[in-house]
Amino acid sequence: MANQMPEDPYRILACERSHEDARQTVATNRMLVQSLVLINGAAAIAALAYYGAHSSSGSGKPAALLTIILYCLGIFTSVFAGLYVRRTTQEWSSFWELKSYPDVAGQESVMEVHRQYAIKSKRRSAGLLIASEVCFLVASLCLVMSLG
């Protein structure tokens, strides 16, 4: 016990930052992904139930089909965004873990690679989340148009 070195404050901060960033990112993005999946899924089910209960005329069928396809595309992009959220979290965790051990030779380049992958994954997940929202809005517009 006497020959143990005290913990480096920089290392402690980096470890705490790693855990806190991961926790916040995962919680926030999980909520976003789940919300978009639920919103698009519920809207698709509602549209299917409406079209199942009411026979739509010939002019409304293409818009109804487009509506369902867009809601499903919104679900797909939300799920895919969730995968990128997970990747972002993993990359940031790796980055901060490496950052907490600053004395290892040659790790600066590895840290930069993790940082770049995290940034790219975060941008892709944001783009997919926005695409899911756009799919919902366009599908809702198609639904309104098909209802007349």
Side-chain angles (χ1 to χ4, degrees), residues 7-102 104 106-148:
E7 288 288 321
D8 179 21
Y10 184 74
R11 182 175 171 200
I12 293 170
L13 177 65
C15 287
E16 290 173 1
R17 174 77 188 262
S18 170
H19 296 303
E20 186 60 30
D21 281 354
R23 200 173 13 257
Q24 287 179 356
T25 302
V26 167
T28 301
N29 289 320
R30 183 180 297 148
M31 183 258 322
L32 284 170
V33 169
Q34 288 173 344
S35 296
L36 287 169
V37 167
L38 286 173
I39 289 168
N40 280 300
I45 291 169
L48 282 171
Y50 177 81
Y51 289 125
H54 301 85
S55 61
S56 59
S57 63
S59 64
K61 284 189 181 190
L65 181 61
L66 182 61
T67 299
I68 302 302
I69 289 171
L70 286 170
Y71 283 137
C72 291
L73 186 60
I75 294 168
F76 175 76
T77 56
S78 297
V79 170
F80 210 157
L83 295 174
Y84 275 110
V85 165
R86 181 181 170 147
R87 172 82 187 266
T88 302
T89 303
Q90 289 171 340
E91 293 297 336
W92 278 125
S93 292
S94 296
F95 172 82
W96 284 109
E97 183 177 339
L98 290 170
K99 190 87 166 169
S100 66
Y101 298 99
V104 178
Q107 82 180 28
E108 287 296 323
S109 61
V110 175
M111 285 173 41
E112 183 60 23
V113 168
H114 284 293
R115 191 180 76 79
Q116 289 299 322
Y117 280 145
I119 290 169
K120 286 178 186 176
S121 293
K122 186 175 181 179
R123 287 180 183 153
R124 288 179 181 155
S125 67
L128 287 168
L129 289 171
I130 291 169
S132 178
E133 294 169 5
V134 168
C135 285
F136 174 77
L137 293 173
V138 173
S140 297
L141 181 64
C142 289
L143 179 62
V144 169
M145 290 172 37
S146 70
L147 295 177

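Please read all numbers here as calculations on a predicted model, not as lab measurements.
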Side-chain atoms of residues 74-83: list all donor-acceptor pairs with protein atoms under 3.5 Å, sequence neighbours left out, distances to 0.1 Å.
{"from": "T77", "atom 1": "OG1", "to": "L73", "atom 2": "O", "distance (Å)": "3.1"}
{"from": "T77", "atom 1": "OG1", "to": "G74", "atom 2": "O", "distance (Å)": "3.1"}
{"from": "S78", "atom 1": "OG", "to": "G74", "atom 2": "O", "distance (Å)": "2.9"}
{"from": "S78", "atom 1": "OG", "to": "S132", "atom 2": "OG", "distance (Å)": "2.6"}

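- Legend: residues meeting side chain to side chain contact (heavy atoms under 4.5 Å, CB included) with L66, ordered by chain and number and at least two apart, are L70, C142.
- Residue R123 holds its CZ atom at 14.5 Å from CG of L128, rounded to the nearest 0.5 Å.
- The shortest non-hydrogen separation linking K122 to T88 is N-OG1, 3.2 Å.
- The shortest distance between side-chain heavy atoms of I68 and C72 falls below 4.5 Å.
- The side-chain hydrogen bond (donor to acceptor under 3.5 Å, both in side chains) search around E91 returns R87, H114, not counting sequence neighbours.
- In this view, R115 and E112 satisfy the side-chain hydrogen bond (donor to acceptor under 3.5 Å, both in side chains) rule, not counting sequence neighbours.
- Checked by atom type and distance alone, the side chain of S125 never pairs as donor or acceptor with a backbone atom of Y84 at under 3.5 Å.
- Between the CD1 atom in I69 and the CG atom in L65 there is a gap of 4.0 Å [rounded to 0.5 Å].
- Scanning both residues, L143 and A47, for their nearest heavy atoms gives CD1-CB, 4.2 Å.
- Each salt bridge (charged side-chain N to carboxylate O under 4.0 Å, His left out) pair with one or both residues in residues 70-80, not counting sequence neighbours, would appear here, but there are none.
- Scanning for side-chain hydrogen bond (donor to acceptor under 3.5 Å, both in side chains) contacts around S140 gives Y71, with sequence neighbours left out.
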